2 protein chains.
Amino acid sequence: MKRTSFTKDACPVARSVQSVGDWWSLLIVRDAFAGKRRFGEFQKSLGVAKNVLTVRLKKLVADGVLKLVPASDGSAYQEYALTENGCGLLLVIAALGEWGCGGSEVHLVDRKKGKSVRLVLRSEDGRTLAPDDVQLVPVSHAEPRSKRARQPAP
Amino acid sequence: MKRTSFTKDACPVARSVQSVGDWWSLLIVRDAFAGKRRFGEFQKSLGVAKNVLTVRLKKLVADGVLKLVPASDGSAYQEYALTENGCGLLLVIAALGEWGCGGSEVHLVDRKKGKSVRLVLRSEDGRTLAPDDVQLVPVSHAEPRSKRARQPAP
DNA sequence: CCGTATCCATTCCGATACTG
DNA sequence: CAGTATCGGAATGGATACGG
């Protein structure tokens with residue numbers, strides 16, 4: 001009677017959820033993108049219990065999302081930094097942020113110019129698409145251009 | 001000693017996590033994008049217990065992600081369809097899918113042409129940016145071009 | 001076929017006290 | 001400051017039986 005695991009699941013979404021699909025992990029990653037690196041910074045920002053934070057950080061490190069780096073200032077302690085892989089989660093955070101908007105309190109900017117940045121879907125030929133123009137296809141057992149496309153609800 | 005709630009949180013990411021930040025919700029939404037609409041379809045696809053599925057579906061309906069629609073074929077039962085708001089989650093699913101890649105088993109295609117679609121960051125002036133070029137800024141108490149930008153870890 | 005209801009194991013989370 | 005140790009309550013998830 002164990003909890004079902006998706007680590008072996010074929011779908012990448014399922015595997016991602018396995019890594020960051022709980023309450024805290026994504027928020028920790030969000031804070032990491034916002035520049036936080038120290039245990040205490042996360043703890044204060046999130047208001048999470050320290051033991052819980054410890055467990056989450058360890059899992060994120062084990063999953064290759066964060067890594068421990070020696071130090072950045074003179075401190076004798078270690079800091080948590082995003083791995084290259086973890087940086088890829090920016091798209092996820094960005095997408096969640098755009099979706100949750102309604103009094104947006106966080107957004108993306110170009111680091112060089114400080115200009116606002118948005119997340120868009122782009123087809124191979126360079127066109128920008130709306131979510132409605134796009135269909136999710138499970139590659140495993142499906143003909144790429146199946147006729148039973150998603151119905152947008154009549 | 002309640003669980004902390006983020007519904008009132010200022011950050012849109014936190015609010016999103018509140019809605020879809022658990023194991024099942026996102027996978028249900030993924031299946032919805034893949035064309036599934038019936039209770040049994042979700043149940044079989046996910047292998048989740050029925051009571052759990054019931055609770056999740058109700059929450060997703062309550063949160064305005066899914067809605068019940070009368071029927072699509074002759075059946076007397078209702079079906080679950082994505083609301084307009086729920087469709088916005090496609091970007092999140094897409095981002096999670098791209099991140100979890102490594103033997104991708106699901107991807108996005110243009111509904112009309114069947115061509116592959118990717119998720120990109122685009123700045124105001126139309127340029128495409130890499131995650132490293134971008135910075136997450138909490139609007140509340142932060143100068144847009146702070147100097148202590150995120151360090152990509154030495 | 002679509003759920004609801006019940007039971008139980010596991011897990012999660014918050015508070016707090018403690019170590020270095 | 002950065003964790004570890006322990007505890008108890010709460011929520012979650014799985015199995016299954018039941019009803020419309």
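Just so we're on the same page: letters track the sequence lines, and every chain starts at 1. Computed from a predicted model, the values in this text were never measured in an experiment. The basis for the numbers below is simple: all heavy atoms, side chains too, and nothing from hydrogens, waters or symmetry mates.
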Any [X] side-chain nitrogen or oxygen under 4.0 Å from OP1 or OP2 of [N]:
X	N	answer
B:Tyr80	C:dG3	yes
A:Lys58	D:dT4	yes
B:Arg38	C:dC2	yes
B:Thr54	C:dG3	no

Taking atom NZ of B:Lys59 as the centre, does the number of heavy atoms from other residues, nucleotides or ligands within less than 6.0 Å exceed 12?
-> yes
Below 4.0 angstrom, N of the basic side chain to O of the carboxylate: do [X] and [Y] qualify?
X	Y	answer
B:Arg37	B:Glu79	yes
B:Asp132	A:Arg111	no
A:Arg127	A:Asp133	no
A:Arg38	A:Asp73	yes

Among [options], the one nearest [X] by side-chain distance:
X	options	answer
A:Ala49	C:dG14, D:dT12, D:dT4	C:dG14
B:Tyr77	D:dA15, C:dG3, C:dC2	C:dC2
B:Trp24	D:dT4, D:dG13, C:dA15	D:dG13
A:Lys50	C:dC13, C:dA17, D:dC1	C:dA17
B:Val48	D:dG13, D:dG14, D:dG3	D:dG14

Give B:Phe42 one of three labels, base, sugar-phosphate or nothing, depending on what nucleic acid heavy atoms sit under 4.0 Å from its own.
-> nothing
With a 4.0 Å cut-off on heavy atoms, is A:Asn51 in touch with a base, just the backbone sugar-phosphate, or nothing at all?
-> base
Can you pull out how bent the helix from C:dG3-D:dC18 to C:dG20-D:dC1 is, comparing the axes over its first five and last five pairs, to 10°?
-> 30°
Measure the distance from [atom1] on [X] to [atom2] on [N] and round it to the nearest whole Å.
X	N	atom1	atom2	answer
A:Gln43	C:dA15	CD	P	10 Å
B:Asp73	C:dC2	CG	P	10 Å
A:Phe6	D:dG14	CZ	C1'	13 Å
B:Arg56	D:dG14	CZ	C1'	13 Å
A:Leu46	D:dA2	CG	C1'	16 Å
A:Leu53	C:dA15	CG	P	14 Å
B:Leu68	C:dG3	CG	C1'	12 Å
B:Leu57	D:dT12	CG	C1'	16 Å

Run the side chain to side chain donor-acceptor pair (under 3.5 Å) check on B:Arg122 and A:Thr128 step by step: do they pass?
-> CA-CA 10 Å; B:Arg122 195 173 57 186; A:Thr128 300; 2.9 Å; yes
If each of A:Phe39 and A:Thr4 is mapped to the nucleotide of DNA chain D with the nearest heavy atom, which maps nearer the 5' terminus, i.e. the 5' end?
-> A:Phe39
Side chain of A:Trp99, backbone of B:Asn85: donor and acceptor closer than 3.5 Å?
-> yes
NZ/B:Lys113 to CG/A:Leu129 distance, rounded to the nearest 0.5 angstrom?
-> 9.0 Å
